[in-house]
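Residue numbers run from 1 in the order of the sequence given. Because only heavy atoms are used, hydrogens play no part in the values below, and waters and symmetry mates are left out as well, while side chains stay in.
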Amino acid sequence: MFNPNPWLKLSMDAFWLGAESSQVVALRMMKLAGGGAGAAAEAQRMVAEKVSAAMAAQTELALGAMSGSPHAGPTKAMALYRRRVRANRRRLAREV
């Protein structure tokens with residue numbers, strides 16, 4: 001069975017995270033530009049999500065470091081961020 005290089009997979013995941021994040025930024029800017037209660041709620045949600053994601057990523061990195069596999073922590077942290085960014089992209093695309 002083909003076993004890809006885990007560092008190559010991590011770098012590709014980082015590339016896609018950047019692409020998806022750009023879409024989320026654009027969608028959020030449209031929502032914030034609209035103003036009103038929805039924009040205020042989105043700004044608060046955005047900050048709360050960032051704090052929560054950073055704490056969860058730190059946990060994943062620490063657990064990965066203890067596993068003895070140098071790529072395990074970054075891989076799990078990247079997967080966590082990608083899931084959350086993807087969820088935001090879907091949510092924001094529905095609201096626009």
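- Distance check, rounded to the nearest 0.5 Å: CZ of Arg82 to CG of Leu80 gives 12.0 Å.
- Every pair tested for salt bridge (Lys or Arg N to Asp or Glu O under 4.0 Å) that includes a residue from residues 63-74 fails, sequence neighbours excluded, so the list is empty.
- Side-chain atoms of Ser52 and Arg84 form a donor-acceptor pair, as typed in the model, at a separation below 3.5 Å.
- In this structure, the separation between CD on Glu20 and CG on Asp13 is 9.0 Å, given to the nearest 0.5 Å.
- In plain terms, the two heavy atoms of Val24 and Val85 that are nearest each other are CG2-O, 3.6 Å.
- Between Ser21 and Tyr81, every side-chain heavy-atom pair lies at or beyond the 4.5 Å cut-off.
- Summarising the geometry, atom CZ belonging to Arg83 is positioned 12.0 Å from atom CG belonging to Leu17; distances are rounded to the nearest 0.5 Å.
- Other residues sharing the hydrophobic cluster of Met66, ordered by chain and number and joined by side-chain separations under 4.5 Å: Leu63.
- Counting only residues at least two apart or on different chains, the side-chain hydrogen bond (donor to acceptor under 3.5 Å, both in side chains) pairs with a member in residues 31-46 are Arg28-Glu42, Lys31-Glu95, Glu42-Arg91, Arg45-Glu49.
- Using a 4.5 Å heavy-atom threshold, the side chains of Leu27 and Arg89 count as touching.
- With a 4.5 Å cut-off between side-chain heavy atoms of Ile, Leu, Val, Met, Phe, Trp and Tyr, the cluster of Trp16 takes in Met12, Phe15.
- For residues 57-70, the pairs satisfying side-chain hydrogen bond (donor to acceptor under 3.5 Å, both in side chains) are Ser69-His71, with sequence neighbours left out.
- Residues satisfying the salt bridge (Lys or Arg N to Asp or Glu O under 4.0 Å) test with Lys50, not counting sequence neighbours, are none.
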